Number of protein chains: 2
Amino acid sequence: MRIGELAARAGVSVRSLRYYEEQGLLRSTRSTSGQRHYTEEEVERVTFIQRMYAAGLSSRTIAEVLPCVETPSEEHSDAALERMAQERDRLSEHIAELTRTRDKLDELVAVARAYRESLRLPAAG
Amino acid sequence: MRIGELAARAGVSVRSLRYYEEQGLLRSTRSTSGQRHYTEEEVERVTFIQRMYAAGLSSRTIAEVLPCVETPSEEHSDAALERMAQERDRLSEHIAELTRTRDKLDELVAVARAYRESLRLPAAG
DNA sequence: CTAAAACCTGACATTGACGTCAGAGGCAAG
DNA sequence: CTTGCCTCTGACGTCAATGTCAGGTTTTAG
């Protein structure tokens, strides 16, 4: 498939796909006229890349981790695996912090709502 | 306390504090010579701001939410409260996605480790 | 009093993941 | 063959939070 279709199927912009390639996250075969072609697999790969971005990884980090995802072999399962585990931990910590923040927000919302209700009560109006 | 101390205690840069003020997230009293002064409370406030940033809220959104946090009153407990609840939900969804991503990473790490182990086993080496 | 350290405003620089535009070529349909 | 859409490269624009620098004032320590 060509770039437009991959973009549509993965839900990203064409620009992003070219950017991913530039960053070494995505490869493409080229037609004689130079147009990029992709296989079905790439859809999933792009989705994975998006998820990594959403998890706060940079292009460089994703690039370090991706080979491990694609083809597990002895070569990269040393540094890359280490890196992946490390990013997992970082993410885990981040999730924990976000959860605390959400709880804090919950608390604040509850307090504000209670306050608002108190204003509505005839006794306290 | 002056800006340097607040920065140190809240673990942010002086530049950031001035930026927060510019964005309407932080107020300061000024000495006659124009230097900013803060109270103890501001430390917590700055920490909260940081957490909101970490949760992916923009300055503008934090500004919408903050008054509700500071002084719950009828005025802002309408729009701001709504906004806060909305951001809470957004954050919650984001956490869920990150958790899925982490699980995916876990899975990948497990697969890669298993693969590596298989290479080490005499039977498969 | 003086030197160092902290502060001020204002402004330009940076970073990362894109958006967007220009100018040119490629490709299926009528 | 042309119309219209897709694609190409290359380059500049953007946005948000922050770094950084310049040039000047204030506070603090000795």
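Remember, it's a predicted structure, so these values are computed and weren't measured experimentally. Below, all heavy atoms of this structure are taken into account, side chains as well, without hydrogens, waters or symmetry copies. Convention: sequence-line order gives letters A, B, ...; per-chain numbering from 1.
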How many Å lie between [atom1] on [X] and [atom2] on [N], as a whole number?
X: Leu17(B); N: dA6(C); atom1: CG; atom2: P; result: 15 Å
X: Glu21(A); N: dT7(D); atom1: CD; atom2: C1'; result: 13 Å
X: Glu22(B); N: dC8(C); atom1: CD; atom2: P; result: 13 Å
X: His37(A); N: dC8(D); atom1: NE2; atom2: C1'; result: 12 Å
X: Gln23(A); N: dC18(C); atom1: CD; atom2: C1'; result: 11 Å
X: Glu5(B); N: dC7(C); atom1: CD; atom2: C1'; result: 14 Å
X: Ile3(A); N: dC27(C); atom1: CD1; atom2: C1'; result: 16 Å
X: Met1(B); N: dT27(D); atom1: CE; atom2: C1'; result: 18 Å

Nearest of [options] to any side-chain atom of [X]?
X: Ser33(A); options: dC18(C), dC27(C), dC8(C); value: dC27(C)
X: Gln35(A); options: dC6(D), dT18(D), dC18(C); value: dC6(D)
X: Ser58(B); options: dC18(C), dC8(C), dA17(D); value: dA17(D)
X: Arg18(A); options: dA17(D), dC18(C), dT9(D); value: dT9(D)

Q.
Regarding dT27(D), can its base be found pairing with the side chain of Arg2(B) as donor and acceptor, where the two atoms are less than 3.5 Å apart?
A.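 For Arg2(B), whose side chain was compared with the base of dT27(D), there is no donor-acceptor pair (under 3.5 Å).
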
Exercise. Classify the side chain of Arg15(B) and the base of dT20(D) as holding, or not holding, a donor-acceptor pair under 3.5 Å.
Key: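 Answer yes: a donor N or O sits under 3.5 Å from an acceptor.
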
Only one of Leu57(A), Leu91(A), Ile95(A) clears side chain to side chain contact (heavy atoms under 4.5 Å, CB included) with Thr101(B); which?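 Per the side chain to side chain contact (heavy atoms under 4.5 Å, CB included) rule, the option paired with Thr101(B) is Leu91(A), out of Leu57(A), Leu91(A), Ile95(A).
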
Hey, is the side chain of [X] poking within less than 4.0 Å of OP1 or OP2 on [N], counting only N and O atoms?
X: Tyr19(B); N: dG19(D); answer: no
X: Arg36(B); N: dT26(D); answer: no
X: Ser59(A); N: dA17(C); answer: yes

Open item on the list: Heavy atoms only, 4.0 Å cut-off, all strands: where does Arg30(A) land among base, sugar-phosphate and nothing?
Closed with: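 The residue Arg30(A) makes sugar-phosphate contact but no base contact.
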
**Request:** Remember a base hit wins even if backbone is also touched, and classify Ser31(A) as base, sugar-phosphate or nothing at under 4.0 Å, heavy atoms.
**Result:**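 The answer is nothing, as Ser31(A) stays clear of every strand by at least 4.0 Å.
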
If you measure from the Lys or Arg side-chain nitrogens to the Asp or Glu carboxylate oxygens, is any gap between Arg90(A) and Glu87(A) under 4.0 Å?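 Salt bridge: yes.
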
Does Arg36(B) come within less than 4.0 Å of Glu21(B), counting only side-chain N to carboxylate O?
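Salt bridge flag = yes for Glu21(B) with Arg36(B).
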
- prompt: Is a side-chain N or O of Arg88(B) found less than 3.5 angstrom from the main chain of Val109(A), in a donor-acceptor match?
  reply: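 Between the backbone of Val109(A) and the side chain of Arg88(B) there is no qualifying donor-acceptor contact (under 3.5 Å).
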
Exercise. So which one's nearest nucleotide on DNA chain D is more toward 5', Thr32(B) or Gln50(B)?
Worked result: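 Its nucleotide being nearer the 5' end, the pick is Gln50(B).
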
**Q.** Residue whose closest nucleotide on DNA chain D lies nearer the 5' end, Ser16(B) versus Val14(A)
**A.**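 Its nearest nucleotide being more 5', the pick is Val14(A).
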
Using every non-hydrogen atom in the two residues, find where Glu42(B) and Arg27(B) come nearest and quote the distance to one decimal.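 Heavy atoms only, the tightest pair is OE2-O, 3.4 Å.
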
- Query: Would Ser13(A) and Tyr19(A) count as having a side-chain donor-acceptor pair, cut-off 3.5 Å?
  - Reply: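 Looking only at side-chain atoms, Tyr19(A) and Ser13(A) do not form any donor-acceptor pair under 3.5 Å.
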
